[in-house]
Amino acid sequence: MKFMKLGSKPDAFHSDYDSYTVRCVSSDLVTDFTVIVDNIKFHLHKFPLLSKSNRLQKLALTSTEDNSNDVQLIQFPGGPKIFEICAKFCYGMTVSISPYNVVAVRCAAEYLEMTEDIERGNLIFKIDVFFNSSILSSWKDSIIALQTTTALPEYSEDLEITSKCIQSVVLKTAVDPACVNWSYTYNRKLDAVDKVQEVETGSVPKDWWIEDLCELDVDVYKRVMFAVIAKKRVEGGVIGEALKMYCVRWLPDCNDRVECDDRVEKYKSLIEAVISLLTHDKGVDCSCSFLLKLLKVSVLVGVDRLLCKDLIRDIGLKLDEASVRDLLIPAEDAQTVYDVELVQELVDLCFSRKSSEEDEKNDVVLISPQRCKTIGRLIDGYLAEVASDRNLSHTVFTALSRSIPDAARPVHDGIYGAVDVYLKEHPTLTKVEKKKVCELIDVKKLSAHASIHAAQNDRLPLRMVVQILFHEQVRATAAIKEAARANRAQEQDWEIKMPLRSKSLRTPSRMRFSDGDVKEVSSGGSMRLLPSSSRRFLDRFWVVGMGQRHGESKSTGTSGSSQSKSSSSSSRKQRYSIS
């Protein structure tokens, strides 16, 4: 924090012992000039004050004409405390100027017309030099000075102090984090491990500036964030995190209604400002959870629903990021606990959004199957939570359930659980109403566990229980057939198939039947009849092959086999001799 000291004389101001409403200057000279500021009387001397203030000169001249030495300063900026600083400067006494009082002192000097025309090196000149060179060059000093401008909005605007502070802050938010000398503030909620790691590595997060701006008043904060967004040099996610941090700092929790009128108006203005920032530019990126919390508080403090229209639209586009707890928005009326119709509106916007632009041809928003299933699980969980509300009508319950397309519910376990809770908490439903509620469940999409539970649920209609049992029977039969088919396929995989052309087996397998025909066993297990010429050739080859395997060694064969061999050899000799 920067300071500036002016003057060198010791402080000679003191309060009257009889009354704290009188301030005097210790001096050998008798005071001849009285200045009244907010019922506080300052007994001063004319010469030091009139030599530096043009306005006091004019007022002193007027008071002399009226035969009075009293001058009253109406609506003096900063009050008696700031006037005393200006008076001490006129006396040459030591005063300290800091970011906390520099704006008020500058406005007071402007009020007193302490310009260079009266005396060179006057208070306005010195304050301007200190403000432009020191205050605006410091990040925190600029924020402190900007916050003090809310006490003197008119003077600050006329002197362009507010705009200069905003411009300084906005320029510093766009600085590269690597060039920022940043330290942790007490508000930042970080784990000790993460904090140590970032300090050791020397890395500065992109959102290093968001907590310091949380101390600004909502009107000033709104102007700063508008300027940051207009510069388009800060990421949308960082801006969204800044808005979230500001709301966490100033908005109440989403549990209880706010009854104090002063706070309600303050919260309303804050929410309206944040909503205007969210819709000001499409580059602002906020999480769906934060948007829903903002919507909750807007309902609690009674913000007009028309003002929340854009907020509801943004939530509808990110509904798959929400949780069931986020959707538990309290109802404005006392009929139901939660605003189910508002969630219905969010779902409708998510699946069938109409573009607000002039071109309505591109108003279709495609939702991926994964997002669709996520939203389906979200709404089923939400229905299970709100189903316990006794005042929730079955028409609202079924309408919200049917707003989810079939593709969003590949499994109906979630909606079955919600229907079960609703039937339990609404035992007075008629048969027709119960039938309409139970028609939300597709028994074919229930899991085996849910089907077992539903088959034993006495709250369900008998017709539905029969359908569930029949479907389970069909599913069990199909499972048995599938298991049998799998077993047959597994057995076929174990069959041995002989290759058509095998190097180890040069001849096909042979089987001789009673009629003398020879059949070949193919590799696939089938047999075919061989022609006669092939049979003769194969018989000869088969006999030779068998002889090579079993008859090469001198074995004790039968006499018939030896005679066959001799006759065969003799026939070969005879054929050779004839040729």
Side-chain angles (χ1 to χ4, degrees), residues 150 213-226 239-240 242-280 284 286-319 321-350 353 356 379 382-383 385-386 388-393 395-397 399-400 403:
T150 57
L213 295 186
C214 290
E215 300 302 323
L216 295 175
D217 186 73
V218 60
D219 295 330
V220 179
Y221 182 83
K222 180 180 177 180
R223 292 181 60 181
V224 172
M225 295 308 299
F226 267 124
I239 297 175
L243 297 178
K244 177 182 177 180
M245 184 67 67
Y246 190 80
C247 291
V248 170
R249 173 68 174 81
W250 294 107
L251 287 180
D253 294 334
C254 307
N255 299 327
D256 301 327
R257 291 186 178 274
V258 183
E259 298 180 355
C260 182
D261 295 336
D262 296 337
R263 292 185 177 181
V264 167
E265 293 300 324
K266 180 180 178 180
Y267 295 149
K268 278 186 178 180
S269 61
L270 192 153
I271 292 174
E272 292 172 0
V274 174
I275 291 175
S276 64
L277 289 169
L278 290 173
T279 57
H280 176 70
V284 180
C286 296
S287 64
C288 186
S289 178
F290 165 65
L291 297 179
L292 283 168
K293 290 180 181 178
L294 192 64
L295 184 59
K296 281 185 183 180
V297 181
S298 66
V299 172
L300 291 175
V301 300
V303 178
D304 190 1
R305 183 61 65 90
L306 294 177
L307 296 176
C308 301
K309 182 179 179 180
D310 294 333
L311 178 61
I312 294 173
R313 180 201 62 195
D314 294 340
I315 294 173
L317 296 178
K318 299 181 177 181
L319 191 59
E321 301 176 5
S323 63
V324 175
R325 185 177 180 181
D326 296 333
L327 292 179
L328 298 178
I329 303 173
E332 295 181 4
D333 53 3
Q335 294 181 357
T336 57
V337 179
Y338 301 111
D339 197 340
V340 182
E341 295 180 356
L342 178 57
V343 177
Q344 175 78 61
E345 184 179 355
L346 294 175
V347 174
D348 294 339
L349 286 172
C350 181
R353 172 176 174 260
S356 60
I379 299 304
Y382 176 78
L383 288 172
E385 288 291 333
V386 301
S388 58
D389 187 1
R390 294 291 182 90
N391 296 327
L392 181 64
S393 63
T395 55
V396 177
F397 182 84
L400 179 58
S403 62

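We use all heavy atoms of the structure for the numbers below, so side chains are in, but hydrogens, waters and symmetry mates are not. Just so it is clear, the structure is predicted and the values come from calculations on it, not from any experiment.
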Is there a side-chain contact between [X] and [Y], using heavy atoms and a 4.5 Å cut-off?
| X | Y | result |
| --- | --- | --- |
| C350 | V347 | no |
| V303 | Y267 | no |
| L349 | L317 | no |

Output the distance between atom [atom1] ([X]) and atom [atom2] ([Y]), rounded to the nearest 0.5 Å.
| X | Y | atom1 | atom2 | result |
| --- | --- | --- | --- | --- |
| L277 | F226 | CG | CZ | 4.5 Å |
| L342 | K296 | CG | NZ | 11.0 Å |
| I379 | Q344 | CD1 | CD | 8.5 Å |
| L319 | L346 | CG | CG | 6.0 Å |
| L270 | D217 | CG | CG | 9.0 Å |
| I271 | S276 | CD1 | OG | 12.0 Å |

Under the salt bridge (charged side-chain N to carboxylate O under 4.0 Å, His left out) test, residues paired with D310 that sit two or more places apart: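 Counting only residues at least two positions away or on another chain, D310 forms a salt bridge (charged side-chain N to carboxylate O under 4.0 Å, His left out) with R313.
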Residues in ring-ring contact (aromatic ring centres under 6.0 Å, His included) contact with F397, at least two apart in sequence or another chain: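 For F397 the ring-ring contact (aromatic ring centres under 6.0 Å, His included) partners, ignoring immediate neighbours, are Y422.
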Y221: ring-ring contact (aromatic ring centres under 6.0 Å, His included) partners, not counting sequence neighbours: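 Y221 satisfies ring-ring contact (aromatic ring centres under 6.0 Å, His included) with Y246 only.
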Donor-acceptor under 3.5 Å (N391 side chain, T336 main chain):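 Looks like no, no N/O pair under 3.5 Å.
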Test item: W250 side-chain N/O and K266 main-chain N/O as donor-acceptor pair under 3.5 Å: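 No.
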Intermediate values then yes/no, side chain to side chain contact (heavy atoms under 4.5 Å, CB included), C247 and L294: CA-CA 8 Å; C247 291; L294 192 64; 4.0 Å; yes
Could you tell me which non-hydrogen atom of [X] sits nearest to which non-hydrogen atom of [Y], and how far apart they are?
| X | Y | answer |
| --- | --- | --- |
| V274 | F290 | CG1-CZ, 4.4 Å |
| K268 | G302 | CE-O, 3.5 Å |
| K222 | A273 | CD-CB, 3.8 Å |
| Y382 | L327 | CE1-O, 3.4 Å |
| L278 | C286 | CD2-SG, 3.2 Å |
| P330 | L300 | CG-CD2, 3.9 Å |

Working for side chain to side chain donor-acceptor pair (under 3.5 Å), residues T395 and S393: CA-CA 5 Å; T395 55; S393 63; 3.1 Å; yes
Salt bridge (charged side-chain N to carboxylate O under 4.0 Å, His left out) between R305 and D339, worked out: CA-CA 13 Å; R305 183 61 65 90; D339 197 340; 3.4 Å; yes
Ion pair check, D314 and K309, cut-off under 4.0 Å: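 Salt bridge flag = no for K309 with D314.
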Sidechain N-carboxylate O distance under 4.0 Å for E385, R325: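 No salt bridge links E385 with R325.
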Result of checking I315, V299, L295 against C308 for side-chain contact (heavy atoms from CB on, under 4.5 Å):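 The passing option is L295.
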Steps toward side chain to side chain contact (heavy atoms under 4.5 Å, CB included) verdict (V340, L392): CA-CA 9 Å; V340 182; L392 181 64; 3.8 Å; yes
